[in-house]
*Asks:* 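Let me begin by handing over the structure; questions about it come next.
Note that the structure is a prediction, hence the values are computed from the model and not measured. Lettering follows sequence order; numbering is per chain, from 1.
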Amino acid sequence: MSEMVTLTIDGKEVKAPIGSTVLEAARLAGIKIPTLCYLKDINEIGACRMCVVDVGARSLQASCVYPVSEGLKVITNSPEVREARRVTLELILSNHDKKCLSCVRSENCELQKLAKDLNVDDTHFEGASNHYEIDDLSPSIVRDPNKCILCRRCVSICKNVQTVSVIETNERGFNTIVSSPFNMALKDTPCVNCGQCIVACPVGALREKDNTDKVWEALANPELHVVVQTAPAVRVAIGEEFGFPIGTRCTGKMVAALKRLGFDKVFDTDTAADLTIMEEGTELIERIKNGGKLPLITSCSPGWIKFCEHNYPDLLEHLSSCKSPQNMFGAVLKSYYAEKMGIDPAKMFVVSVMPCTAKKFEVERPELASTGYPDVDVSITTREAARMIKEAGIDFVNLPDEQFDDPMGDASGAGVIFGATGGVMEAALRTVVDILTGKDNENIEYKAVRGVEGVKVAEVEVPGLTLRAAVAHGLGNARKLMDQVRAGEADYHFIEIMACPGGCVTGGGQPIQPSSVTNLIDLKAERAKAIYAEDESLTFRKSHKNEKMMRLYEEYFEKPGSHKAHELLHTHYVLRENYPEECCK
Amino acid sequence: MSCSCGSTCVDPKAQELQKVIEKYKNTKGAVIPVLHEAQEIYGYLPLQVQKTIAEGLDVSLAEIYGIVTFYTQFSIYPKGKYNIQLCLGTACYVKGAGQIYDRLKQELGLDKDGTTKDGLFSLESCRCIGACGLAPVMMINGEVYGRLVPDDIPGILQKYRDAE
């Protein structure tokens, strides 16, 4: 344990480790200091001045960056401190587009909550205000600088955590703006659409591109057969939008709500996750046996794929040719399912509910239309699905549990754990090890690849081979691993990469928890617990034990990696230049 | 600098920039000195120059652009043949630099800092240039004009136009 110092906060003696901040010490003592720009481990820059305290210095100090010291006396709640915080907040509000009633973040806005908590009067400073154009050209992310309060949380996550770095604090003084270089639209930058900036934003300056209108329109069209698929991570988070505690599994209620919205069928993307394991597992075994390009790297995460296309164009051959489960499922629905049900695929509309904003970009990729129609027509986030359920007046909380529809309704536990970092790896190992050993192995929990550590590695003994695997989540961690691959220093057989820290459970399309929550608990771990609980609750926990999916092979694809499977379930990647421009003339 | 036009253009400025990047590549805090020298080479810092610097120093373009737009001495637009730097610092401002600025914009046909269409003049408002005794003060290509009143402006500009 690190050395402790004793300080006094509001007359109360507190012991805190050397190197911690006054804010952290106050939290240990149960004293709440308001914060706004502070995101633990991500944005600790003392910029917004909301957390100022009196430490007996010449001026008030930002407690989120002020270190504790022996004998320090701190006052967090004097008239001077309260006034300073209030004036700062009023100044922020004076240049904030206060359209709260129609703001997507209303009631989940950290600025709104602070304004209420600090009892501000927003009419004190009616000075100039900035008016900027909204950037809504990206298929995934909408940026409204008029609502931006310059906290820099998005900048930090984009630059330091994801190492994508396509937004910065530009200009200065009153003209300061968070934007892309040369004020380009996000779609013209190497933005990977991960949406981590959205979940970091305390206000409504960043949000997902809303596609709910397109879904409502399809649902209202009697000509269309409208089906929906939901990703594994959605069920363990959507409840938060309706007041359930973090980590509540709401699979049955979610299915019931989607049926009430009017979808003709509600399917589980996990089924396609099982399909992914069969295809990707086969690809791995073939590459190992035939001296193919190794390590094989997963391709489920569209944010990761675009990141790789921009930053590691020389390593694209390492990517699995498998489509993501979302698109595999779309292709199966518009081929096998359409044939089986006698539905014209032109009259079929496939919606996906995803924890992800990059999926919106993915569905627009022109190569992902194996049947001649887009695999998936519209992708919406968990947040958008929740908004639709609210708009329809569905009483989510009191819904009965209902089941996914047949004939694609079953998924194994392996499909479920795709939602957490390490899940695809674990699911793949459950199947690949069975195939390579020729046995039905009972030991199926690969705990080395679970958890929130940035890069995880595991070794599994199979006949004639020590299978080496690595898992990275968050693109900063992916970059570390990929630099090793590029340098020839990574002798793994198989690598799983997820763009978002924590994997899909904490994806950019998931319900947004305020910093007052995420600074205290590890959201990644809490939601992942629910994923693993769901896995344990299922009878079949290996992809190849999913009988309905195996029937799909018998009836349609013949075997994993078949010609037909390649036509429908596999894809290719493209080179993407960063900030492309005209020739140098 | 990458080029996709197919022709083999050898750009001496680009070569010079590469030398500058090589010189600073492994030093800490390389961005600002490289930007300085790049601006001396090109006169300004357009997208392609910033991109080359970003790639050369392994810093994101977003970060480079953030630095360029923070400091007024860096420009992303080409400067005019005659660059007018008008001080809007406190001393000059209280002595009427605001009216000088308005008159300059009017005479040059600009609505803010920028370069005239003919490329002859660029207007750049700046902070204190250390000549408060001469407030309000401006410099044109280093030549100092002090104790200005708005009506001085047309004559001063004409002098440069006549020189053309």
Side-chain angles (χ1 to χ4, degrees), chain A residues 45 47 132 135 143 145 148 150 152 154-186 188-192 197 307 310-313 475-476 479-480 483 486 575-585, chain B residues 1-18 31-32 35 41-42 44-78 88-90 93 111-114 124-127:
Chain A
I45 58 173
Y132 299 111
D135 173 13
R143 217 171 45 79
C148 177
L150 305 174
R152 293 148 171 87
C154 58
V155 173
S156 289
I157 206 143
C158 185
K159 179 162 71 176
N160 304 329
V161 178
Q162 298 295 63
T163 64
V164 169
S165 197
V166 292
I167 45 173
E168 247 309 336
T169 321
N170 294 322
E171 308 288 340
R172 66 171 174 176
F174 186 67
N175 298 322
T176 306
I177 179 173
V178 171
S179 60
S180 297
F182 292 85
N183 230 344
M184 281 178 215
L186 268 181
D188 297 327
T189 72
C191 169
V192 303
C197 55
F307 182 82
H310 279 293
N311 298 288
Y312 297 93
L475 292 170
R479 191 183 282 278
K480 284 182 208 156
D483 286 345
R486 187 178 264 166
L575 299 174
R576 288 181 200 279
E577 204 192 328
N578 295 340
Y579 304 104
E581 57 191 306
E582 297 300 313
C583 122
C584 65
K585 290 271 166 65
Chain B
M1 207 173 293
S2 65
C3 171
S4 52
C5 65
S7 69
T8 44
C9 21
V10 182
D11 179 352
K13 286 181 178 175
Q15 286 177 327
E16 216 178 316
L17 178 59
Q18 278 309 333
V31 174
I32 289 187
L35 286 172
I41 296 167
Y42 286 91
Y44 70 118
L45 298 165
L47 170 62
Q48 194 158 83
V49 171
Q50 291 190 35
K51 233 176 101 168
T52 308
I53 295 171
E55 280 161 21
L57 299 179
D58 198 18
V59 177
S60 74
L61 176 66
E63 208 167 327
I64 300 279
Y65 182 78
I67 293 166
V68 167
T69 55
F70 183 85
Y71 293 106
T72 49
Q73 71 212 41
F74 295 130
S75 174
I76 58 170
Y77 303 107
L88 289 178
T90 312
Y93 200 82
D111 62 347
K112 57 181 183 192
D113 282 10
E124 185 190 331
S125 53
C126 60
R127 295 295 172 258

*Asks:* Among B:K51, B:Q50, B:Q48, which residue satisfies the side chain to side chain contact (heavy atoms under 4.5 Å, CB included) criterion with A:Y579?
*Replies:* B:K51
*Asks:* Between A:V166 and A:M184, is the side-chain contact (heavy atoms from CB on, under 4.5 Å) condition met? List the steps.
*Replies:* CA-CA 10 Å; A:V166 292; A:M184 281 178 215; over 6 Å; no
*Asks:* With a 4.5 angstrom heavy-atom cut-off, could you sort out which part of A:S180 is near chain B: side chain, backbone, both or neither?
*Replies:* backbone
*Asks:* Contact part of B:L61 toward chain A, heavy-atom cut-off under 4.5 Å: side chain, backbone, both or neither?
*Replies:*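 It is both, since atoms from each part get that close.
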*Asks:* If you count the non-hydrogen atoms of other residues, nucleotides and ligands that lie under 6.0 Å from CG in B:D58, is the total more than 12?
*Replies:*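 Incorrect, the count does not exceed 12.
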*Asks:* What part of A:N578 gets closer than 4.5 Å to chain B, counting heavy atoms only: side chain, backbone, both or neither?
*Replies:*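 Interface part for A:N578: backbone (N, CA, C, O).
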*Asks:* If I compare all heavy atoms of A:P145 with all of A:Y132, which pair ends up nearest, and what's the gap?
*Replies:*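 Looks like CB-CD1, 3.6 Å.
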